[in-house]
Visitor: 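My questions will all concern the structure given below.
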Amino acid sequence: MLIKVRKAKVLGDYRLAVEFSDDTIGERDFSFIKSESGPMLEPLKDPAYFRRVFVEDGVLTWPNGYDWDPIALHDEMKEAGELRPVGDAAE
């Protein structure tokens, strides 16, 4: 099954609620990017810039063109126990 991101909502400086095309949703803390390096990641270290995330063609994307593979993100969140069915009371 091809997994895509349907929606992303900023919850805090580096926290996002992410809804996927398989009807799952979860929260992810991306603050680890502050310790990552690379020219595409540098702007995302600014919380204001990170919050400019949007969904384009089913992928988390930022204005500089950086994007996050939705399948890898889904798999990481699933393995971490961060996903639940859309509509659960925890939303």
Visitor: Val55, Leu44: one ILVMFWY side-chain cluster at the under-4.5 Å cut-off?
Guide: yes
Visitor: Any pair with a residue in residues 60-81 that passes side chain to side chain donor-acceptor pair (under 3.5 Å), sequence neighbours left out, goes on the list, sorted by first then second residue, please.
Guide: Asp22-His74, Arg28-Glu76
Visitor: Could you check whether any side-chain heavy atom of Leu60 comes within less than 4.5 Å of a side-chain heavy atom of Phe54, counting everything from C-beta outward?
Guide: no
Visitor: As an exercise, state the distance from CD of Glu82 to CD1 of Ile25, rounded to the nearest 0.5 Å.
Guide: 12.5 Å
Visitor: Can you tell me how far OG of Ser37 sits from NZ of Lys45, rounded to the nearest 0.5 angstrom?
Guide: 6.5 Å
Visitor: Is the shortest side-chain heavy-atom distance between Leu16 and Glu27 below 4.5 Å?
Guide: no
Visitor: Filter on side chain to side chain donor-acceptor pair (under 3.5 Å), then keep only pairs touching residues 46-55, sequence neighbours left out; what's left?
Guide: Asp13-Arg51
Visitor: List, one per line, each side-chain donor-acceptor pair under 3.5 Å for residues 1-12, sequence neighbours excluded.
Guide:
unit_1	atom_1	unit_2	atom_2	d
Arg6	NH1	Glu19	OE2	3.1
Arg6	NH1	Asp23	OD1	2.7
Arg6	NH2	Ser21	O	3.1
Arg6	NH2	Asp23	OD1	2.8

Visitor: Hydrophobic cluster membership, with links at side-chain heavy-atom distances under 4.5 Å among I/L/V/M/F/W/Y: are Leu73 and Val59 in one?
Guide: no
Visitor: Please report whether the ring centroid of Tyr14 lies less than 6.0 Å from that of Phe50.
Guide: yes
